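Working notes for the structure below.
Order of the sequence lines fixes the chain letters, A, B, ..., with proteins taken first and strands second; residue numbering starts at 1 for each chain. What you see is a predicted model, and the numbers here were worked out from it, not measured in a lab.
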Amino acid sequence: MDHKLQVYNTLSRTKELFQPLNSPRVGMYVCGPTVYGDAHLGHARPGITFDLVFRYLQHLGYKVRYVRNITDVGHLENDADQGEDKIAKKARLEQLEPMEVAQHFSDRYHLNMSQLNVLNPSIEPRASGHIIEQIEMIKKILAAGFAYEVNGSVYFDVLSYNKKYPYGKLSGRVIDDLLSNTRALEGQEEKRNPMDFALWKKAQPEHIMRWPSPWSDGFPGWHMECSAMSAKYLGEHFDIHGGGMDLLFPHHESEIAQSQAANGTDPCKYWLHNNMITINGQKMGKSLNNFITLNEFFNGQHAGLDRAYSPMCIRFFILQAHYRSTLDFSNEALQAAEKGYKRLMIAVSLLNKLQASSNTGTELQSFLKEFPMNSYAAMDDDFNSPILIAQLFEAVKWINLLADKKETISESDLVEFKRLVNVFIFEILGLKEEQGNENNQSVDGLMQIVIELRQNAKTAKDFATSDRIRDALKELGILIKDTKDGATWTIEN
RNA sequence: GGUUUCGUGGCCGAGUGGCUAGGCACCGGUCUGCAAAACCGAUUACAGCGGUUCGAAUCCGCUCGAAACCUCCA
């Protein structure tokens, strides 16, 4: 591992050399979804971003334990249903058990992630399965004097914590500003201070999801689950904590406070945050009601979509932007990404059919030398996938020249070229081929007959017939391309 | 109002002091019976103003504009 991997740490707001606490082992925790609705395009961003991180760290030889939680309790709603849990609300509306709702949407989330070729995390803990751990941690925070109990609820005491540790160091917030700017919300009269946050909430009678605790029958607060579960599976101090930028405050800030208060240590060394996906310049999200679900992208059934977009098109679209940049959605941008993705995939299949020559052209030689260097340099620079993709398009150019027999490559260079392209495209970027029915044997045989008949017509200069065959196939979504070695066909999705 | 960011060509999107990113679209050429694809070439840029510098998209200041967070949110 002679790589100098730099990662942007939100805590220091700089790129830092990545040095695991216990190399070659790496512990990574990422905030997963709250399962009360279908995953939308915004959910694909952290899924794919941290999949890229997971894949690249593993490629470099690290033994990564990747923990991504499922939030199936907690997260209070702050609208009319004050005090009622999102999962419970949805359940009551649909006359389902809360756990039934959580199961339903986590199954659908898993399907979407698998469609996007996102690898499963090593451990996927559920908040509801770790109530005991959360209660134990709250006890520790109380014992340390950084929390107080009121009427069966427990709140984190931000002011007393701030006397010993800096509250706000992750998000750059200052206590005094928070004090003067925190909005007065209803139902907060139990708190000593508006910025205090709940560690445990006593359940109201109508609240279905509840567990016994030393303080009341209730449920854990907003931020407890991630603190408790990351500590359980990765230790009290681990390497990487990831999530969306919108979780920076208060969620991650509070996680730091909870871990510091309970365990006397920062939970992790590196904080990584992916940026938002925007639509017309605005964040795509539930609260703005401008989101498009992944299923809608895959089947095209949404008013904002010109047509369906495949999972790999979405994945490629996301990887073409750096994970810390906002990424603006539009049909035009998605279609551009799709074309680029297909061009890349066509080149891969051409590469696998290339014939080697006795030697490699000199310019290609120097490219083959720079290609891995530049590609690794891009990934080592805070997972810069757009630069890696630009490198891959350079490779595409050479592959096409080779396929056109305008350039030559030796057997050993060809083997290495194939290996590198496969490593970067499939192993690291996690793209995959999305073929139609090209691999179906009977369809393939049928197409050979059609192509042969068309070739006969062409040889007889009966272009009316040959064009008719080509046009009719195009109507069916099958594209014919004439090359020097005969015609080929592909299915357009 | 506070905190954190951002403003790059027709669209998306890299790039942090001198060295053409890349993709998509458009135009010209090569190839082709014609297409498509591919290859070659051309074109469109760094919000505005000022400053630092031999030199700034890149650093500094101001102005204008946008976003996220400050309340659940990926």
Rounding to an integer number of angstrom, what distance separates B:rG41 and B:rU20 when you compare their C1' atoms? 14 Å

Under 3.5 Å, is there an N or O donor on one side and an acceptor on the other linking the side chain of A:Asp482 and the base of B:rC34? yes

When you compare the side chains of A:Thr326 and A:Asn275, does any donor N or O come within less than 3.5 Å of an acceptor on the partner? no

Nearest-nucleotide pick for A:Pro250, side chain only, options being B:rA74, B:rC72, B:rU5: B:rC72

Is the shortest side-chain N/O distance from A:Arg343 to OP1 or OP2 of B:rA38 below 4.0 Å? yes

Determine whether any donor atom in the side chain of A:Asp467 lies under 3.5 Å from an acceptor atom in the base of B:rG33, or the reverse, and answer yes or no. yes

Residue pairs fulfilling salt bridge (Lys or Arg N to Asp or Glu O under 4.0 Å) with at least one residue in residues 39-54 of chain A, sequence neighbours excluded: A:Asp51-A:Arg55, A:Asp51-A:Arg315

Would you say the side chain of A:Phe54 lies within less than 4.5 Å of the side chain of A:Leu52, judging by non-hydrogen atoms? no

Quote, to the nearest angstrom, the C1' distance that separates B:rG9 from B:rC46. 9 Å

Tell me the salt bridge (Lys or Arg N to Asp or Glu O under 4.0 Å) pairs involving residues 243-255 of chain A, sequence neighbours left out? A:Asp246-A:Lys283

Side chain of A:Leu401 only, please: which of B:rA14, B:rA21, B:rC39 is the nearest? B:rC39

Between A:Lys397 and B:rG22, is there a contact of a side-chain N or O with OP1 or OP2 at under 4.0 Å? no

So, does the side chain of A:Arg470 form a donor-acceptor pair with the base of B:rC34 at under 3.5 Å? yes

Which whole number of Å gives the distance between the C1' atom of B:rA35 and that of B:rG13? 32 Å

Could you work out which one of B:rC72, B:rG23, B:rC39 sits closest to the side chain of A:Trp222? B:rC72

Between B:rC59 and B:rU44 - C1' atom distance, rounded Å: 28 Å

Compare side-chain N and O positions of A:Arg173 against OP1 and OP2 of B:rG2 and report whether any pair is under 4.0 Å apart. no

Among the candidates B:rC40, B:rG13, B:rC24, find the nucleotide nearest to the side-chain atoms of A:Asp328. B:rG13

Sugar-phosphate, base or nothing in reach of A:His322, heavy atoms under 4.0 Å: sugar-phosphate

B:rA21, B:rA37, B:rG33: which one has an atom nearest the side-chain heavy atoms of A:Lys481? B:rA37

Base, sugar-phosphate, or nothing: which does A:Leu327 touch, judged by heavy atoms less than 4.0 Å apart? sugar-phosphate

Counting heavy atoms from C-beta on, name the nucleotide in B:rA14, B:rC12, B:rU3 closest to the side chain of A:Ile387. B:rA14

Residue-phosphate contact under 4.0 Å: A:Asn400 side-chain N/O, B:rC39 OP1/OP2: yes

For B:rA14 and A:Ser325 - does any side-chain N or O of the residue sit under 4.0 Å from the phosphate oxygens OP1/OP2? yes

Any side-chain donor paired with an acceptor under 3.5 Å for A:Glu296 and A:Thr293? yes

Hey, which sits more toward the 5' end of RNA chain B by its nearest nucleotide, A:Thr278 or A:Lys461? A:Lys461

Under 4.0 Å between any heavy atoms, over every strand shown, what does A:Met276 touch: base, sugar-phosphate, or nothing? Just pick one. base

So what does A:Gly42 touch, heavy atoms closer than 4.0 Å: a base, only the sugar-phosphate, or nothing? base

Would you call A:Phe463 stacked on B:rG33, i.e. ring centres under 5.5 Å apart with the planes less than 30° off parallel? yes

Using a 4.0 Å heavy-atom cut-off, does A:Ala390 contact any base of the nucleic acid, only the sugar-phosphate backbone, or nothing at all? base

Under the side chain to side chain contact (heavy atoms under 4.5 Å, CB included) test, which residues partner A:Ser230, sequence neighbours left out? A:Tyr29, A:Phe238

Just so I know, are the side chains of A:Glu124 and A:His110 near enough to count as touching, which here means a heavy-atom distance under 4.5 Å? yes

Stem list, RNA chain B (Watson-Crick or G-U pairing under 3.5 Å, at least 3 consecutive pairs): B:1-7 with B:64-70, B:10-12 with B:22-24, B:27-30 with B:38-41, B:47-51 with B:59-63

Residues at least two apart in sequence or cross-chain that pass ring pair (Phe, Tyr, Trp, His ring centres under 6.0 Å) with A:His322, listed by chain then number, are none

Pairs where residues 317-335 of chain A contributes a residue and the test salt bridge (Lys or Arg N to Asp or Glu O under 4.0 Å) is met, not counting sequence neighbours: A:Arg324-A:Asp382

Same-atom distance (P) from B:rA47 to B:rC12, integer angstrom: 15 Å

Please report the distance separating the C1' of B:rG55 from the corresponding atom of B:rU63, rounded so that it comes out in whole Å. 25 Å

side-chain N/O A:Asn384 vs B:rA21 OP1/OP2, d < 4.0 Å: no

Indicate whether any N or O donor in one side chain lies under 3.5 Å from an N or O acceptor in the other, for A:Thr465 and A:Asp467. no

For B:rC69, take OP1 and OP2 only and decide whether either is under 4.0 Å from a side-chain N or O of A:Lys283. yes

Can you find a side chain N or O atom of A:Thr34 that sits less than 4.0 Å from OP1 or OP2 on B:rA74? yes

Classify the nucleic acid contact of A:Lys474 as base, sugar-phosphate or nothing, counting any heavy atom under 4.0 Å across all strands shown. nothing

